[in-house]
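Here is the structure we will look at.
Note that ligands are numbered from 1 as they come in the structure, with each ligand's atoms numbered from 1 the same way.
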Amino acid sequence: MSKIVIFGECMVELVNRDADTLSKGYAGDTYNTAVYLKRCAHDISVSYLTAIGADFLSDELLFKMGEEEINTDQVYRSNDRNLGLYMVRTDKHGERTFAYWRANSAATQTMNLFNGSLNNADVFYFSGISLAILDDAQRLKLFDLVDSVRAAGGKVVFDPNYRPRLWKDQQEAQTWIDKAYGHADIAFPGGDDHLALYGHTDVDAIHAHVAALGVAEIIVKNGAVGVHIYQGKTHCIVPVERVEQVVDTTAAGDAFNGGYLSARLSGKDVTDSASFGAKVAATVISYPGAIVEKEAFFKHIAA
Ligand code: ADP
């Protein structure tokens with residue numbers, strides 16, 4: 001069984017159903033990817049590396065992870081911090097506004113609490129958000145971990161997921177995200193992220209930047225536009241079937257990554273993997289929230 005370890009932060013997600021009613025879930029970019037990857041590839045072992053608190057919401061998250069069959073062997077506990085939280089408000093035009101309470105969350109201490117090793121991981125996955133929430137000393141510790149995975153023959157996967165407000169400034173984000181690309185075997189740059197972070201206005205510019213940093217397999221996502229894949233000297237475009245009735249685009253990219261990796265780690269080639277990733281993403285944007293209820297998810301995927 002191949003083993004992937006996914007590192008990042010899962011938060012409490014509160015979504016307004018109407019003016020006075022909130023529904024509660026658990027979500028976060030890398031966690032969303034872990035959920036969809038595991039749902040789509042039952043025989044891959046998925047562990048989530050993070051830190052949670054001693055609060056009851058943290059306990060509920062652990063329970064959810066169990067329901068999703070995500071291994072909790074890499075979940076650390078902070079005694080004095082809680083789970084981060086975010087709230088989504090959707091107005092009557094469908095526009096979403098996010099508010100976050102995550103600055104002092106347990107997950108921001110993950111690498112301080114981490115005292116194990118991931119040497120038996122075949123794949124290690126992290127994102128620009130995973131990096132952004134850590135202080136510099138923990139970021140360096142994370143790169144030591146990445147180096148140890150690669151030295152043991154494992155592969156590293158990175159999605160930049162640029163969130164400006166989590167970084168001191170753009171320069172800081174560029175420095176660390178470039179370093180992450182420099183340590184990655186597979187990367188999922190998004191068109192919007194690269195426009196905001198580097199000013200790249202087309203796929204060629206994104207590819208040139210990421211390839212120059214040594215990434216062997218580059219999957220450029222760009223909404224409903226086709227997915228561009230570069231593998232060494234080969235380049236292909238996989239069309240995306242446009243979803244006309246988009247309900248909520250939250251987690252589209254995360255779901256794509258989960259679907260893509262589930263196929264890729266099961267031995268599929270890059271084009272089949274991208275088609276499957278697009279199918280998983282199309283499913284997720286057809287329902288509200290980051291994590292689609294299991295039954296609806298499998299029904300939609302099978303259709
Ligand atoms: P991110 O969440 O990283 O910004 P994108 O908006 O680029 O991600 O979308 C990720 C993936 O979701 C795309 O590659 C595509 O497969 C799918 N997707 C996004 N929007 C649509 C849409 N309107 N119709 C169909 N698929 C979509």
Side-chain angles (χ1 to χ4, degrees), residues 6 8 11 13 27-37 39-40 86 88 90 94-96 98 125-132 157-166 173 177 180-181 184 186-198 200-203 205-207 210 217-230 235-264 268 270-292 297 300-301 303:
I6 298 185
M11 293 165 284
E13 179 197 55
D29 69 327
T30 48
Y31 179 73
N32 307 337
T33 297
V35 167
Y36 293 120
L37 169 47
R39 285 186 187 180
C40 297
Y86 74 98
V88 197
T90 309
E95 285 297 317
R96 287 169 302 131
F98 292 82
Y125 178 102
F126 69 117
S127 77
I129 297 178
S130 320
L131 258 182
V157 185
F158 179 69
D159 183 324
N161 261 340
Y162 177 47
R163 298 292 180 274
R165 76 176 110 188
L166 293 178
I177 287 175
Y181 276 137
I186 301 177
F188 291 104
D192 292 346
D193 283 349
H194 269 251
L195 178 63
L197 182 58
Y198 300 103
H200 294 155
T201 51
D202 58 46
V203 180
I206 297 172
H207 168 244
V210 180
E217 187 170 319
I218 303 167
I219 303 98
V220 185
K221 296 170 291 180
N222 214 344
V225 182
V227 179
H228 287 251
I229 308 174
Y230 302 84
H235 170 208
C236 61
I237 304 172
V238 175
V240 168
E241 207 175 307
R242 178 179 283 276
V243 173
E244 299 301 343
Q245 298 274 311
V246 174
V247 173
D248 179 356
T249 56
T250 305
D254 312 331
F256 177 95
N257 297 358
Y260 182 90
L261 289 173
S262 73
R264 203 72 184 100
K268 298 277 191 315
V270 292
T271 49
D272 284 352
S273 300
S275 297
F276 188 65
K279 189 170 185 182
V280 175
T283 299
V284 170
I285 65 178
S286 302
Y287 294 88
I291 304 290
V292 177
F297 176 80
H300 200 283
I301 286 284

Non-hydrogen protein atom less than 4.0 angstrom from atom 4 (O) of ligand 1: no
Counting only nitrogen or oxygen atoms and a 3.5 angstrom limit, does Ala282 reach ligand 1? no
Going by distance only, is there an N or O of Val243 that falls short of 3.5 Å from an N or O of ligand 1? yes
Which residue holds the protein heavy atom closest to atom 14 (O) of ligand 1, what is that atom called, and what is the gap in Å? Gly223 O, 3.7 Å
If we only consider heavy atoms of Ala278, is any one of them less than 4.0 Å away from an atom in ligand 1? yes
If only atom types and distance count, is the side chain of Thr33 paired as donor or acceptor with the main-chain N or O of Gly258 below 3.5 Å? no
Within ligand 1, which atoms have a heavy atom of Val246 less than 4.0 Å away? 23 (N)
Please report the shortest heavy-atom distance between Val284 and Ala255, naming the atom on each side. CG2-CB, 3.6 Å
The single option from His194, His207, His235 passing ring pair (Phe, Tyr, Trp, His ring centres under 6.0 Å) against His228: His235
Got the closest protein heavy atom to atom 21 (C) of ligand 1, with its distance? Ile285 CD1, 3.5 Å
Show me which atoms of ligand 1 lie under 4.0 Å from any heavy atom of Phe256. 14 (O), 16 (O)
Residue-ligand contact Val240/ligand 1, heavy atom below 4.0 Å: yes
Please determine if Asp159 and Lys221 form a salt bridge, counting it only when a charged side-chain N lies under 4.0 Å from a carboxylate O. yes
Measure the acute angle between the ring planes of Tyr260 and Phe256, then classify it against the limits of 30° and 60° as parallel, tilted or perpendicular. parallel
Report the member of Ala281, Gly253, Ser275 with the shortest heavy-atom distance to atom 8 (O) of ligand 1. Gly253
Below a 4.0 angstrom heavy-atom separation, can you tell me which part of Asn222, side chain or backbone, both or neither, approaches ligand 1? backbone
Given Tyr181, Phe188, Phe158, the one that forms ring pair (Phe, Tyr, Trp, His ring centres under 6.0 Å) with Phe126: Phe158
Shortest non-hydrogen contact between Ser286 and Val243, atoms and distance: OG-CG1, 4.0 Å
Side-chain (Asp248) to main-chain (Tyr287) donor-acceptor, under 3.5 angstrom: no
Check whether any heavy atom of Glu244 sits under 4.0 Å from an atom of ligand 1. no
